[in-house]
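What follows is one structure encoded as structure tokens, with my remarks underneath.
Computation of the quantities below employed the complete heavy-atom set of this structure, encompassing side-chain atoms and omitting hydrogens, waters and symmetry-equivalent molecules.
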Amino acid sequence: MNQFDILIEQLSQLNERARQLEDVDYITASYKGFSNDGLTLAEVKDQIIDVHHRITTLERQLDDVFDDLS
């Protein structure tokens, strides 16, 4: 597996994590006061921000790898 494929796989996993946090954990924590994993709403929000930062970083790395390939 090359660097591009590895980054794509990581990006896919992070996007799925962001979806889970936003669509399930955030709503659950808003309603019940904590997520299914026991995170508070503030902790879920912090994780959403962190995951989005990591997605942005990976997207930049993918751009760099793509530029190197072309």
* **Closest contact, heavy atoms only, A29 versus L39** =>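 Where A29 meets L39 most closely, the heavy atoms are CB-O, 4.1 Å.
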* Over all atoms of both residues, closest heavy-atom pair of E43 and G38 -> OE1-O, 4.2 Å
* **ILVMFWY cluster, I48 and F34 together (side-chain gap under 4.5 Å)** =>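 No, I48 does not connect to F34 through the hydrophobic network.
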* side chain to side chain donor-acceptor pair (under 3.5 Å) partners of T56, counting only residues at least two apart ->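 T56 satisfies side chain to side chain donor-acceptor pair (under 3.5 Å) with no other residue.
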* To do: Could I get the full list of side chain to side chain donor-acceptor pair (under 3.5 Å) partners for E59, not counting sequence neighbours?
  => none
* Asked: Checking N15 side chain against L11 main chain: does a donor-acceptor pair fall under 3.5 Å?
  -> yes
State, yes or no, whether a side-chain contact exists between [X] and [Y] at a heavy-atom distance under 4.5 Å.
X: L41; Y: Y26; result: yes
X: E16; Y: R19; result: yes
X: L62; Y: F4; result: yes
X: Q20; Y: Q47; result: no

* Asked: After noting the C-alpha distance and the side-chain angles of I49 and H53, does the key distance pass the side-chain contact (heavy atoms from CB on, under 4.5 Å) rule?
  -> CA-CA 6 Å; I49 291 168; H53 280 91; 3.2 Å; yes
* Test salt bridge (Lys or Arg N to Asp or Glu O under 4.0 Å) on R60 and D64 and set out the steps. => CA-CA 6 Å; R60 286 188 193 127; D64 291 345; over 6 Å; no
Atom [atom1] in [X], atom [atom2] in [Y]: separation rounded to 0.5 Å?
X: L21; Y: K45; atom1: CG; atom2: NZ; answer: 13.5 Å
X: L14; Y: R54; atom1: CG; atom2: CZ; answer: 5.0 Å
X: L58; Y: I6; atom1: CG; atom2: CD1; answer: 11.5 Å
X: D25; Y: R17; atom1: CG; atom2: CZ; answer: 5.5 Å

